[in-house]
Enquirer: 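Handing you this structure, nothing more for now.
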Amino acid sequence: MEENNNNTVHASDSVDKSRIVEAKPLRSLAPVLPNHIQSCFPANYPSGFPPFCSFEKPREIPIPKGVEEIAVDAKTAEEIPGSAKEKTRETPVAANVTPIRFYKSSVDEEVNPRGGGDVNLFSKGLNCDEFVDDRVKRGAQNIQNCKEFLKRKKNKKTREAGVDGQSSSVGVNPSLNDDGNHESVNHVLMTFDSVRRRLCQLEDSKELNSSLSIKRADLRASNSLTLKGVKTNLRRRAGAVPGIEVGDIFFFRMEMCLVGLHGQSMGGIDYMSIKDGSKEDTVALSVVSSGVYGDDTEDNDVLVYSGQGENFNKKDKHVTDQKLQRGNLALDRSAQRHDEVRVIRGLRDATNRSAKIYMYDGLYKIQDSWIERGKSGGGIFKYKLVRLPGQKSAFAAWKLIQKWKSGSASRNGFILADLSNGVESIPVSLVNDVDDERGPAFFTYFMSLTKPKPFGLVQPSLGCNCKASCLPGDLNCSCIQRNEGDFPYTANSILVSRKPLIHECGTMCRCLPNCKNRVSQTGLKQHVEVFKTRDRGWGLRTLDPIRAGSFICEYAGEVIDRAKVCQNDEGDNDEYIFDTSRIYQPFKWNHDHGLLGDGSSNVSSEDYTIPSPLIISAKNVGNVGRFMNHSCSPNVFWQPVLYAENNQSFLHIAFFALKHIPPMAELTYDYGFVLAGHAEGSSAHRRKMKCLCESPKCRGFFG
DNA sequence: GAGTGCTCAGTTCC
DNA sequence: CGGAACTGAGCACT
């Protein structure tokens, strides 16, 4: 493999290295494209890495002309909600002076005392197993009691919890209860999904041990959060909802309830009555279009929405017309008042057909309404909602992406269909619609680590004896034992909790390669693409909606030792280093104490345990992970994963979605940074990069 | 303020 | 795989 260094640009050459360099672009190495490209390795290269891999010759790639142009905002600068410590007030956007804390251990325990006294029925201080056993013993009656208890308490608690200062450790800052912001919305959503994942984990593991099941983890999680006041935007309102952006995605109706986007848990039309002077009036707030009921969704900016009400009277078996009441009346009134109505578009997830995804598509106004005859002959109200101009493209962009993927629409700046050259099972497209650079510098695409060093802490596992696939709750499985009895992933391969270390099954295990405990070894599962950012070189973004906890990819590359990093620092600065020993901003991803009351150990620590630092260079060898840019408010985090190959255990770095990530959002993680004076080699030569993430929490630099 | 009716969920079962 | 059955949470309204 030949590396042509003459063509690479060294940003450091003419710059004083002791200063923070304005690294622009971050990855601006000129493309070194061989004359010939041939993909000459199988998709599953057995060992080592493919001898050769590159891009197609750029000239040969046709650039579609006159392609439909679409402004897709790939900006993702979002905040970390999980930095559990509640800020008493918003810090003004003084980005570059944010103080940094220099510790890795969690500070949440100290600054964030648990709210006492506010314990729900599920919380009895039992550990996980006891909790389950206890529930089994008491059986259905206990469940019933719980339900009734919840029902009685709910209305009161919802309001009180936020005002009660003691519950602020898990709840939402009281002032944000009625009117939220970006941070409170994020906090609620992340907490919800974390609790939900944990409930799914309990449910999965119980299948073997008992007959009692946790049905509808979404409802249970919602219940739990409501009791603790973890809600925001409780004040019902028409128009935009603070902290929620056009294009945001949701995976459960309850998520939209909890953040005030759509108040109905099932109903399609959310509305409220208002006082207009002395008159009482009713107005529509939001509608959810699930694609059923024959809603017309042909035009992306128009939604023809059907009113509510059955066309068939079950009692006397009559065909009936819909009536101008409830939601229908509200839509009618909103039309006359020219009020804005929020529209949420629902679609079945293409990759996971059982799941439904909801996307907030912004504000619409009702332009027309009429009555149609339904199939049964009953009258159905129809409302024509038209999208207000000037909003970010959301649903339209999503639909366009489907066309890109199916090949029925061409696109601007398209360079290459699959940068991985068949290594990944899902093609990784390469696009540049900002300038004429034709691709990143040459590298070899490989999905995992080369030259890995055996992991010292754990002696090589003999592997588990499970047949076919390891099953959650099977405590005889040695891999599950290593994970402290918890199966790390849910049935649909979502990571449940961040952990010091995750043990996956490896080649020594008897289970098959499709075992659920090998999530990080299976390559890309999402459609992602490498694209040119405006000011940060090449980046990685997703075409698919991604659920929080989804596996993104491994950080692939060559395992190197520290001496080599120094060498690189002196010479060609290696921008593709991943180093576990850097300082990373602590954050909390697992659910808060007290929300479940299961006393489970998974909330105790998110501090990674890595005995000796793992340093990976993806400069010459790597996968899509090397293209992920840094952000101080990332949407992806890394997690150490351990599994065995050929009698030895190796540590890998796996990336998971920190929160739900909408289509076209850039994927970013925290690069961490090296302490001044602690840098490898001479600190004078250690260059920090100026951060361009534009997040309000930006600390100004990284690396 | 407790109870009822209604609803573009989400699962499981057949 | 697709529909039916089933259990639902939250809201307006009574």
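Chain identifiers are assigned alphabetically (A, B, ...) following the order of the sequence lines, protein sequences preceding nucleic acid strands; residue numbering begins at 1 within each chain.
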Enquirer: For Lys525(A), give me all partners under side chain to side chain contact (heavy atoms under 4.5 Å, CB included), at least two apart in sequence or on another chain.
Expert: Thr522(A)
Enquirer: Working note: Phe192(A) + Asp218(A), criterion side-chain contact (heavy atoms from CB on, under 4.5 Å); need CA distance, chi angles, decisive distance, verdict.
Expert: CA-CA 8 Å; Phe192(A) 168 84; Asp218(A) 57 326; 4.1 Å; yes
Enquirer: What residues form a side chain to side chain contact (heavy atoms under 4.5 Å, CB included) with Arg333(A), not counting sequence neighbours?
Expert: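 Side chain to side chain contact (heavy atoms under 4.5 Å, CB included) check on Arg333(A) returns Asp281(A), Thr282(A), Leu329(A), Gln336(A), Arg337(A).
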Enquirer: For Arg387(A), which residues count as a salt bridge (Lys or Arg N to Asp or Glu O under 4.0 Å) partner, sequence neighbours excluded?
Expert: Asp361(A)
Enquirer: Which nucleotide in the set dG8(C), dG10(C), dC8(B) lies at the smallest distance from any side-chain heavy atom of Ser306(A)?
Expert: dC8(B)
Enquirer: Mind checking what makes side chain to side chain contact (heavy atoms under 4.5 Å, CB included) contact with Met272(A), not counting sequence neighbours?
Expert: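 In terms of side chain to side chain contact (heavy atoms under 4.5 Å, CB included), with neighbours along the sequence ignored, Met272(A) is linked to Arg236(A), Ile274(A), Val283(A), Leu285(A).
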Enquirer: Between the protein and nucleotides 10-12 of chain B, are there any N/O to N/O pairs under 3.5 Å, and if so, what are the atom names and distances?
Expert:
| residue | atom | partner | partner atom | Å |
| --- | --- | --- | --- | --- |
| dG10(B) | OP1 | Arg253(A) | N | 2.9 |
| dG10(B) | OP2 | Tyr358(A) | OH | 2.6 |
| dG10(B) | O4' | Arg216(A) | NH1 | 3.2 |
| dG10(B) | O4' | Arg216(A) | NH2 | 3.3 |

Enquirer: Arg345(A) near the nucleic acid: base, sugar-phosphate alone, or nothing, with a heavy-atom cut-off under 4.0 Å?
Expert: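 The residue Arg345(A) makes no contact with any strand.
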Enquirer: Rounded to whole angstrom units, what separation is found between the CG atom of Leu234(A) and the C1' atom of dG10(C)?
Expert: 12 Å
Enquirer: Which residues pass the salt bridge (Lys or Arg N to Asp or Glu O under 4.0 Å) test with Asp179(A), not counting sequence neighbours?
Expert: Arg235(A), Arg237(A)
Enquirer: Please state how far atom CD in Gln308(A) lies from atom P in dC6(B), giving the value in whole angstrom units.
Expert: 11 Å
Enquirer: What does Gly309(A) touch in the nucleic acid at a heavy-atom separation under 4.0 angstrom: a base, only the sugar-phosphate, or nothing?
Expert: sugar-phosphate
Enquirer: Name all residues meeting the salt bridge (Lys or Arg N to Asp or Glu O under 4.0 Å) criterion together with Lys405(A); count only those two or more places apart in sequence or in a different chain, and write none if there are none.
Expert: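 In terms of salt bridge (Lys or Arg N to Asp or Glu O under 4.0 Å), with neighbours along the sequence ignored, Lys405(A) is linked to Asp544(A).
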Enquirer: For Thr282(A) and dC13(C), is the shortest distance between a side-chain N/O and OP1 or OP2 below 4.0 Å?
Expert: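 Answer is no, no contact under 4.0 Å.
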Enquirer: State which of dA9(C), dC13(C), dC8(B) makes the closest approach to the side chain of Tyr271(A).
Expert: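 The closest nucleotide is dC13(C).
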Enquirer: Whole angstrom is fine here: how far is it from CZ in Phe250(A) over to P in dA9(B)?
Expert: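 Atom CZ in Phe250(A) sits about 15 Å away from atom P in dA9(B).
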Enquirer: Tell me every residue that passes side chain to side chain contact (heavy atoms under 4.5 Å, CB included) with Ser290(A), counting only those two or more places apart in sequence or in another chain.
Expert: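 Here the qualifying residues are Val288(A), Val292(A), Lys356(A), Tyr358(A).
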Enquirer: Report the residues that fulfil ring pair (Phe, Tyr, Trp, His ring centres under 6.0 Å) with Phe395(A), sequence neighbours left out, ordered by chain and then residue number.
Expert: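 Ring pair (Phe, Tyr, Trp, His ring centres under 6.0 Å) list for Phe395(A), sorted by chain: empty.
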Enquirer: Output the residues of residues 359-370 of chain A in contact with DNA chain C, where contact means a heavy atom of the residue under 4.0 Å from an atom of the strand; sort by number or write none.
Expert: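 Those residues: none at all.
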Enquirer: Nearest to the side chain of Val288(A) - dA9(B), dC11(C), dG10(C)?
Expert: dA9(B)
Enquirer: At less than 4.0 Å, is any side-chain N or O atom of Ser273(A) found next to OP1 or OP2 of dC11(C)? Yes or no.
Expert: no
Enquirer: With rounding to the nearest 0.5 angstrom, report the CD to CG distance, Gln402(A) to Leu347(A).
Expert: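 Going from the CD atom of Gln402(A) to the CG atom of Leu347(A) covers 7.0 Å.
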Enquirer: Can you list every ring pair (Phe, Tyr, Trp, His ring centres under 6.0 Å) pair that touches residues 241-283 of chain A, not counting sequence neighbours?
Expert: Phe251(A)-His660(A)
Enquirer: Can you run through DNA chain B from 5' to 3' and write each base as (, ), [, ], | or . depending on how it pairs? Watson-Crick or G-U wobble, both distances under 3.5 Å.
Expert: .||||||.||||||
Enquirer: Is there ring stacking between Tyr305(A) and dC8(B), where the centres must be under 5.5 angstrom apart and the planes under 30 degrees?
Expert: yes
